[in-house]
Protein chains: 2
Amino acid sequence: MCHCQGVPSVSQAPIRQNSVRAHNLALVLQTVANSADPISRASVAGATGLTRSTVSALVDDLIAGSLLTEVDPAPRTGAGRPAAGLRPAPDGPAGLGLEINVDYRAACVVDLTGTLRHRLVEAGDQRQAGALSALTRLAALARHRAEADGLTVAGAALAVPGLVAAGGVVRVAPNLGWQDITIGTELDGLPLTVDNEANLAALSELGVGELPPSFIYVSGEVGIGAGIVLDGSLYRGVRGWSGEIGHIPIDASGPLCRCGARGCLEQYAGQEAMLRAAGVTSVAELAGADLTIAGTALGTALSTVVNLLDVDTIVLGGIYAPLVARLRDAIDAEIGRRVLTGSPIRLRAATFGPDAAMRGAAGAVLQGVLNDPAGWLARS
Amino acid sequence: MCHCQGVPSVSQAPIRQNSVRAHNLALVLQTVANSADPISRASVAGATGLTRSTVSALVDDLIAGSLLTEVDPAPRTGAGRPAAGLRPAPDGPAGLGLEINVDYRAACVVDLTGTLRHRLVEAGDQRQAGALSALTRLAALARHRAEADGLTVAGAALAVPGLVAAGGVVRVAPNLGWQDITIGTELDGLPLTVDNEANLAALSELGVGELPPSFIYVSGEVGIGAGIVLDGSLYRGVRGWSGEIGHIPIDASGPLCRCGARGCLEQYAGQEAMLRAAGVTSVAELAGADLTIAGTALGTALSTVVNLLDVDTIVLGGIYAPLVARLRDAIDAEIGRRVLTGSPIRLRAATFGPDAAMRGAAGAVLQGVLNDPAGWLARS
DNA sequence: GTCAAATAATTCAACCAATAAACAAATCTT
DNA sequence: AAGATTTGTTTATTGGTTGAATTATTTGAC
């Protein structure tokens with residue numbers, strides 16, 4: 001019948017008075033969290049558009065719930081009563097970030113201030129049976145230490161190098177040899193989310209520096225994956241399988257790829273291809289090699305991504321992070337040639353290096369609290 | 001300082017009581033608009049989660065503002081007082097959709113029920129000076145006719161085959177020979193938005209049929225563009241230049257493209273390439289031709305898009321729309337080979353054919369009203 | 001044919017949360 | 001020491017939703 005008006009863009013849920021408070025609690029909490037320095041109630045009111053009295057009431061709730069704390073007033077500027085500074089509480093909820101990869105498992109705890117409180121890494125081949133229960137033990141240890149600090153772990157997120165479907169099901173993780181492994185949505189009573197390693201690594205960059213609203217995080221490992229952040233939030237795709245850029249065709253007559261096609265990106269910029277081209281055996285040795293071939297292939301593939309999505313920032317992570325200086329020229333040249341709009345692209349190395357996925361996982365948990373502090377406060 | 005929590009995902013604006021009403025008005029209006037049949041206040045309450053009394057109050061406002069009307073009750077089912085049916089009003093706000101292309105200009109008026117009320121098309125080369133003022137006259141005529149029907153034109157949107165920046169500036173429209181043309185944000189006192197033709201055409205598909213939340217609209221014309229709809233809303237990119245898929249590399253040793261690279265998609269599936277390959281001179285004759293080369297190239301490029309964005313629906317528009325049957329096999333084969341996740345992809349022809357961009361433009365205006373009915377009601 | 005049951009829609013008192021304005025607190029300026 | 005200035009709290013008011021009671025209108029049963 002009526003075609004043209006499209007699907008609703010207003011969220012499906014009704015707004016009641018409760019939702020107003022929930023929204024404004026999140027607004028106040030995030031305003032404090034995104035401020036570099038301690039910030040006063042009055043400044044929060046100014047930044048959000050809420051009145052000072054409303055902010056005071058909301059802040060009272062947030063302090064009572066250990067989401068904010070008052071700190072000593074910032075150095076004062078002029079006349080007037082000195083402000084009480086607000087900061088995210090260092091002793092409230094914390095995020096438990098987990099990662100499992102081919103040759104290590106890891107867990108970390110990050111508090112609301114963004115501080116890494118604990119970091120546990122265990123090397124070793126994870127392609128064995130029992131890897132998951134070892135990870136569970138590691139997670140329990142990290143949680144125990146966090147709770148000894150007075151933190152309350154709000155949830156856990158696990159980064160996996162593979163395709164993850166809803167409900168914590170790993171459809172396939174080729175390098176781990178996993179297929180249709182159900183990890184579930186709970187870990188020792190803690191809510192658990194499982195997500196692709198590149199997606200969570202991309203989240204770790206959100207909030208770093210100048211906050212680009214949209215960017216692509218490219219994760220170079222054995223395969224090549226991408227985390228796509230659009231307008232400030234991670235885009236996961238219909239089934240959660242976005243960002244598979246490893247098989248963008250570079251040259252139809254190129255080398256045969258394990259996927260069956262010829263000349264995929266992975267055959268030029270994948271870990272093994274780069275090692276082979278450079279004639280070395282370890283990733284560390286790549287720092288001294290000529291990476292023009294890989295850089296050009298990456299630039300070609302990223303041109304397609306930029307032409308399609310019009311993003312202006314690309315973050316290189318995984319094995320690429322320490323190699324950005326050597327890759328930049330070839331990538332820039334190719335993007336300059338192929339991106340029609342001539343947009344300048346900012347290319348930068350991942351901030352957290354090998355910890356990116358784990359840090360992003362912990363950050364994802366904390367995001368949940370920041371986006372719904374009312375739900376956190378209402379927990380029994 | 002505090003890194004990991006990321007940018008706020010809660011909208012920056014505070015919610016006050018006004019916003020509650022504004023949101024719920026939109027919720028009720030959209031619930032009615034998205035219902036195939038007339039729907040009762042009670043059903044709206046059930047669907048939205050609001051109470052019947054709240055819905056009644058909101059509906060009163062919407063009816064008073066000519067956004068909804070009561071119609072005869074639907075065939076009743078059992079006992080009880082019969083419901084009064086609600087429908088979008090056919091005599092309220094309307095959207096004015098405009099399009100300018102190489103060889104025609106067009107205007108249409110669509111009302112809130114999705115009905116096309118007027119459609120004006122003028123053939124002729126638009127690459128001349130004065131094309132814009134001719135379009136302005138056509139728009140005025142369409143508006144005049146709509147107002148003679150008792151409609152109130154809420155705004156206008158113009159589809160242009162080129163890159164459009166903020167503020168109604170056409171950065172470049174190669175086939176029109178335009179460069180840095182400022183069209184502005186107003187047309188005879190009406191709010192005007194200017195957007196890429198493929199973007200608006202994509203919007204025309206939103207709300208058709210089973211409402212896929214994410215899809216790609218591919219517009220085949222002289223060049224090839226794409227409109228990207230993710231999670232129910234159009235993704236425009238950082239500068240509004242998303243969807244440039246015409247120059248995805250298909251074969252590094254292929255024919256030289258006007259962009260300077262070799263083997264771009266446009267060289268296989270662009271209008272001129274297809275005509276040349278088929279040995280015909282008009283688009284209509286393509287219906288009888290072998291389109292395997294174009295289909296394979298399209299399939300290769302779309303595989304990249306699907307691997308990157310994990311969308312499950314692709315709509316083929318422009319010159320591709322009537323050719324879907326002949327293109328499908330080659331596209332499907334290529335996607336089947338190259339999309340690693342093995343996801344089934346739905347491929348379908350555009351619903352509105354050559355009117356897609358114009359209809360989408362009108363729809364975009366109506367979307368604005370549907371998303372902010374309170375703003376519409378508050379106009380003086 | 002009348003009454004009970006069922007469903008739709010409206011009315012009204014209660015409640016929740018934000019607002020605005022007045023007030024209290026703490027510091028700076030002169 | 002007095003006034004200016006800014007922060008933070010208190011209190012009455014307002015807007016908007018809720019929930020229960022009420023009215024309206026039909027079907028079905030006796």
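All chains are named by letter (A, B, ...) in the order of the sequence lines, taking the proteins before the strands, and each is independently numbered beginning at 1.
- With B/V28 as the partner, the side chain to side chain contact (heavy atoms under 4.5 Å, CB included) test is satisfied by one option alone out of B/L86, B/L62, B/D61, B/L67: B/L62.
- Note on A/R21: every side-chain N or O is 4.0 Å or more away from OP1 and OP2 of C/dC16.
- Side-chain proximity of A/A83 to the nucleotides C/dA8, C/dT10, D/dT7 is greatest for D/dT7.
- A/S204 is not listed as a side-chain neighbour of A/T351, based on a closest heavy-atom distance of 4.5 Å or more.
- Protein atom CD1 of A/I39 is 10 Å distant from nucleotide atom P of D/dG8, rounded to whole Å.
- Counting to the nearest Å, the C1' atom of D/dT9 and the CG atom of A/D61 are 15 Å from each other.
- At a cut-off of 3.5 angstrom, the base of D/dT7 holds at least one donor-acceptor pair with the side chain of A/R81.
- Across all strands, A/R52 comes closer than 4.0 Å to base atoms (heavy-atom distances).
- You'll find that the side chain of B/D60 is closest to C/dT10, out of C/dA8, C/dT10, C/dT19.
- The shortest distance between the side-chain N/O atoms of B/N24 and the OP1/OP2 oxygens of D/dG16 is not below 4.0 Å.
- Contact annotation: B/T51 side-chain N/O to D/dG19 OP1/OP2 distance is not under 4.0 Å.
- In this structure, A/L25 atom CG and C/dC16 atom C1' are separated by 14 Å, rounded to whole Å.
- Rounded to whole Å, the distance from CZ on A/R41 to C1' on C/dT19 is 19 Å.
- Comparing D/dG8, C/dT10, C/dA8 by their closest approach to the side chain of B/A42 singles out C/dA8.
- Applying the 4.0 Å criterion to OP1 and OP2 of D/dT18, one finds that B/T54 has a side-chain N or O inside that range.
- Nearest to the side-chain atoms of A/L58 among the listed nucleotides D/dT18, C/dA18, C/dT10 stands C/dA18.
- Between the A/T115 side chain and the A/D111 main chain, no donor and acceptor come within less than 3.5 Å of each other.
- Note on B/R143 versus B/D188: no salt bridge recorded, every NZ/NE/NH1/NH2 to OD/OE distance being 4.0 Å or above.
- The nearest whole Å value for the distance from the CG atom in A/L50 to the P atom in D/dT9 is 15 Å.
- When each of C/dA9, C/dA17, D/dG8 is scored by its nearest atom to the side-chain atoms of A/A84, the top-ranked nucleotide is D/dG8.
- With hydrogens and angles disregarded, a donor-acceptor distance shorter than 3.5 Å links the side chain of B/S242 to the backbone of B/Y235.
- The residue A/S53 sits close to a base: some heavy atom pair falls under 4.0 Å.
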